[in-house]
Amino acid sequence: MSAYKSELLEVLSTRGYIHQVSEPEALDALARASKITAYIGFDCTAPSLHIGSLVPIMMLYWMQQTGHRPIALMGGGTTRVGDPSGKDDSRQILTDERIAENLTGIRKVFAKFLKFGDGPGDAVMANNADWLNTLNYIDFLRDVGRHFSVNRMLSFDSVKLRLDRQQELSFLEFNYMILQAYDFVELNKRYGCTLQMGGSDQWGNIVNGIDLGRRMLNAQLFALTTPLITTSSGAKMGKTAAGAVWLDADMLSAYGFWQFWRNTEDGDVARFLKLFTVLPLDEIARLAALKGQEINDAKKVLATEATALIHGRAAAEEAAETARRTFEEGAMAETLPTIEVPQAELAGGLGVLAAFVKAGLVKSNGEARRQIQGGGIRVNDVAVTDEKSTLTPSQLTPEGVIKLSLGRKRHVLLKPV
RNA sequence: GGGAGAGUGUCCCGAGUGGCAAAGGGGGCGGACUGUAAAUCCGCUGGCUUACGCCUUCGUAGGUUCGAGUCCUACCUCUCCCA
């Protein structure tokens, strides 16, 4: 299926990253003949990226692996405006302090995938606040604004969707696409960047950048978008019991991250192996051929490889081992998530309800009660039937902990200190 | 500026006659079945309480009433029509 001659597009295409490309032949030829520079923008709307951003990040990774130069662009400036693409409601306006915090959180993850520096193949970290924050309004309108047709802007999906549904679209948000287009031009001037990549919802914004580049610089720029990743049962990816699947270890442990991948639906395993691991394709083909129960082995490989990329090999192996002990041996792994409680509190008898709330397995005593009624709560693998029961030091296992479980899959160890 | 309509359980959609912790979906969580999968079936899905019960919730603020999501007034936001 892949008719691409350049290694870059060949890899991206066979691994399933490509949804749309502008002028594929020209881009293919360019990537074959020279080192190209490409960027992806990341908005700073949360303190950490989540797996929704993992596909774009992986593309930057493959850029570098195939000898090209990736730019990770932090949206320090554009986040102040808010991208209306694919959103029904206006995005909440974030304070500058919040954006700055988010930016520092997000920035960390890139070092795991990319080698930054000043060398020819080294990746670049940029922040569009550097050029957007100091723009002069009138100058900007005359230099950039004149290239945009409002008629045309109204026809873009991100805008049209809001108008059709009679949802508010503020002038602030309306300008987002112009700023993003300008980013592309600015990155072309600064770094010779000729390709912008992103999710499929970014197509319109990227194409605007291409047009602006042609008009202002007479440059030929390219767009490449990824498909929206959904599970085979159609759900959007990235939700677990605990909420979003964050990439930052402080927000989601390596074990939790590993578990997310381990629970992948059968039909997604091969696709996810290609997208979210760097295993060779023949190895993936072998794993994808597994059937029935054996496909669980493929899921474990997926989980470990994906976790290794962002949390490191050691943490991934540990997560895999924790899961093996917990699920396959039914044993207690000391490396399960752990909370600590004072000795005295336990000695006095700690209520089950309070313990589960403290462990973060349930949000309130009421929810704990309901889960007990539904048979979802266990202490040391024994179902709790009496919500009044308490935990005491006598329940400590030989390892010196008490194992709290919600459902079959979620476990937390309670450890006296 | 004038007229008409809408805002519901802080995940979303959405019914609601003055007695409502408020129908029904979706989503989520739990249980059964499995392979830590999917599909299916069942239960749960405001907070506190051992419990009788108490508290907080229907755009915001007042009012009528024994009692208000429901009626009245003002205000805010959004939509539509007229100017």
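Residue numbers start from 1 in every chain, and the chains themselves are labelled A, B, ... in the order their sequence lines are given, proteins ahead of strands. Predicted model only: the values in this text are computed from it and were never measured.
- Ion pairing between a basic and an acidic side chain is recognised when a charged N comes within 4.0 Å of a carboxylate O; R142(A) and D139(A) show no such pairing.
- Between R313(A) and E305(A), at least one side-chain N (NZ, or NE/NH1/NH2) sits under 4.0 Å from a carboxylate O, which counts as a salt bridge.
- Checking G30(B), C48(B), A37(B) against every side-chain atom of L406(A), the shortest atom distance belongs to G30(B).
- Here T326(A) lies out of heavy-atom contact (under 4.0 Å) with every strand.
- R369(A) comes within 4.0 angstrom of a nucleotide base, judged by non-hydrogen atoms across all strands.
- Taking side-chain N and O atoms only, R370(A) has a distance below 4.0 Å to OP1 or OP2 of G47(B).
- The listed nucleotides are U36(B), G31(B), G35(B); the one nearest the side chain of A323(A) is U36(B).
- Listed by first and then second residue, the salt bridge (Lys or Arg N to Asp or Glu O under 4.0 Å) pairs that reach into residues 389-408 of chain A are D381(A)-K403(A), sequence neighbours excluded.
- Close to U49(B), at under 4.0 Å from its OP1 or OP2, lies a side-chain N or O of N365(A).
- Nearest to the side-chain atoms of S364(A) among the listed nucleotides C48(B), C29(B), U36(B) stands C48(B).
- Of the candidates A37(B), A32(B), U36(B), U36(B) carries the atom nearest the W258(A) side chain, counting heavy atoms from C-beta on.
- Interface remark: the Q259(A) side chain does form a donor-acceptor pair with the U36(B) base, using a distance-only criterion of under 3.5 Å.
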